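Written out below as structure tokens is the structure these notes cover.
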Amino acid sequence: MNGNNDKKTEYVFRAPRGTEDILPEKWTFWRRLEAVGRQEFELCGYYEIRTPIFEDTRLFVRSIGEATDIVEKEMYTFSDSEDSSITLRPENTAPVMRAYLEYELYKTKKFQKFYYIGPQFRKERPQAGRLRQFHQMGIEAVGATDPLLDVETISVATRIFDRIGLKGYKVKINSIGCEKCRPVFRNILKEKLCNREEELCELCQSRLNRNVFRILDCKNEKCKTISHSMPSINDYLCGECQSHAQAVREALLEIGIPYIADAHLVRGLDYYTKTVYEITHSSLGARDAICAGGRYDNLISDIGGPPIGSVGFAVGMEATILALENVIAKSKPLHEEASLPSPLVYIVSIGEETKKKCFYLLNLLRKADISADFDYEGRSPKAQMRTANKVGAKYVVVLGPDELARGDVKVRMMETGEEIPLKQSEILKWFQEQR
RNA sequence: GUGAGCGUAGCUCAGUUGGAUAGAGCAUUAGACUGUGGCUCUAAGGGUCGCGGGUUCGAAUCCCGUCGCUCACCCCA
């Protein structure tokens with residue numbers, strides 16, 4: 001401080017826009033989602049892979065597509081000291097595929113299933129359920145084109161949502177064709193829409209050249225009417241895509257997953273082919289997807305690998321947790337649902353001279369895997385009891401000068417208020433029996 | 001990137017047409033019960049009303065700017 005500036009300078013740091021701190025009480029939901037996710041993935045034969053948080057920029061440009069918004073304006077791109085361009089990953093599919101190729105995993109075993117959990121980055125304006133650093137967990141089933149595999153991935157996602165107790169989600173599916181049939185449909189659609197250009201909203205008029213398919217899910221009422229009068233992609237799918245889509249629908253029916261066939265479901269990333277799907281939750285507002293996925297049979301060859309088909313999805317974890325909170329808030333009080341882990345034992349020390357002994361007992365219990373805690377603030381016995389109650393300890397061990405002299409402690413059962421004396425030498429054994 | 005709304009205590013919010021020391025509930029801390037939690041009662045701490053400027057005798061309140069947040073759009077998990 002140089003004293004020239006008499007204005008108070010406040011150094012208030014806050015989490016950067018579009019990022020958030022996950023505070024302890026929020027962790028219950030995160031842990032539940034992660035635990036259930038891992039369990040389900042592994043149950044279905046998917047193995048965890050972790051890729052770097054940043055990659056060569058070109059990986060994303062090639063895979064996601066040069067003309068997409070993600071690449072054009074939403075990537076955190078910077079150059080490191082060696083004159084190469086680096087990008088914080090905006091999604092995790094391309095990195096997984098890069099690793100698959102880098103280690104030539106297809107040479108030992110073409111078909112492999114991966115899962116990942118981690119942060120992703122897109123520089124967008126934050127909104128409900130949308131952040132700049134957000135978290136996805138997802139799977140990639142690499143090396144097979146069986147439509148049943150598409151359905152497997154959907155079933156993995158829905159089981160996760162079922163198991164975390166998320167009710168009210170919807171599965172929407174569509175086929176967007178392949179490199180053979182999609183261009184045909186695109187041209188026909190474009191031609192027909194150009195004839196009615198004047199009736200479209202301003203945005204859609206510009207979409208005519210940039211991204212015709214987006215017109216199909218425009219929210220403008222007039223555009224909706226027009227797009228509903230347009231032919232459906234389903235009428236233009238090639239034989240192969242047609243039978244693939246058919247097989248997917250039949251298998252969904254077979255295993256009892258309700259779905260909505262939505263011919264207007266489109267995709268923003270270039271690499272998708274054939275099956276695309278989206279799982280949404282109506283409690284979320286405008287950005288309602290909690291999971292999105294599909295098949296991408298050209299991605300691996302796009303980034304320089306052999307022609308190997310794959311399918312996968314990404315679950316938006318923030319969005320899922322938001323939906324979960326919405327659902328749970330309606331059914332029961334949040335504090336019941338989202339309680340922090342409690343210690344089994346809280347140790348109350350009375351007087352300075354007993355602290356050492358208490359600390360010894362604390363560590364004795366912890367070594368034996370019994371969760372325990374005590375007071376480091378030098379507070380009154382009453383205050384310590386209050387804390388014990390607040391953190392939800394089941395037992396309180398009280399050690400004051402009297403107990404110290406006698407070589408015992410008092411154990412208080414917090415539920416009943418009953419207290420029993422216990423020799424210090426017997427504490428460990430006693431708590432091991434209580435567990 | 002575009003548009004709209006909102007910034008008052010740790011949290012959720014009151015605050016009349018601008019008017020005196022800015023309030024409540026919850027939370028926190030302490031006491032009633034000086035070695036014992038939950039319930040109750042009492043008290044305390046905590047705010048340059050986001051920040052800066054302007055209008056005015058007087059601004060949390062009106063105006064301008066700025067920063068932040070939120071929602072929606074584009075796009076997307």
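All values reported here derive from a predicted model rather than from experimental measurement. Heavy-atom basis, side chains included; hydrogens, waters and symmetry copies ignored. Below, read A as the first sequence line, B as the second, and so on, with proteins coming before strands; counting in each chain starts at 1.
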Any N or O donor-acceptor pair under 3.5 Å from the base of B:rU36 to the side chain of A:E419? yes
Checking B:rC33, B:rG38, B:rC74 against the side chain of A:R386 (C-beta onward), the nearest is B:rG38
Donor-acceptor check, side chain of A:R132 to backbone of A:R122, threshold 3.5 angstrom: yes or no? no
Quick one: do A:E152 and A:K113 satisfy salt bridge (charged side-chain N to carboxylate O under 4.0 Å, His left out)? Show the steps, please. CA-CA 11 Å; A:E152 168 173 303; A:K113 302 201 278 191; 2.8 Å; yes
Taking donor-acceptor contacts at under 3.5 Å, does the side chain of A:R125 reach the base of B:rC75? no
Nearest of B:rA77, B:rG37, B:rG35 to any side-chain atom of A:F134? B:rA77
Determine whether a donor-acceptor pair (one donor, one acceptor, N or O, separation below 3.5 Å) exists between the side chain of A:Q384 and the base of B:rG35. no
Would you classify A:A319 as touching base, sugar-phosphate or nothing, given that sugar-phosphate means primed atoms plus P, OP1 and OP2, and contacts are heavy atoms under 4.0 Å? nothing
May I ask which nucleotide in the shown strands pairs with B:rG38, Watson-Crick or G-U wobble, both distances under 3.5 Å? none
Is B:rG5 paired to anything, Watson-Crick or G-U wobble with both distances less than 3.5 Å, and if yes, which nucleotide? B:rC69
Below 4.0 Å: OP1/OP2 of B:rC73 and any side-chain N or O of A:Q127: yes
Nearest-Å distance, NZ (A:K390) to C1' (B:rU29)? 10 Å
Between B:rC74 atom P and A:D217 atom CG, what is the distance in whole Å? 8 Å
Taking atom P in both B:rG7 and B:rC49, what distance in whole Å separates the two? 15 Å
Counting distance alone, no hydrogens or angles: does the base of B:rU36 have a donor or acceptor under 3.5 Å from a partner atom on the side chain of A:K410? yes
Mind checking A:G285 for me? I need base, sugar-phosphate or nothing, with any heavy atom below 4.0 Å counting as a touch. sugar-phosphate
Under 4.0 Å between a side-chain N/O of A:R17 and OP1 or OP2 of B:rC69, yes or no? yes
Of the nucleotides B:rG35, B:rA77, B:rU36, which one has an atom closest to the side chain of A:A292? B:rA77
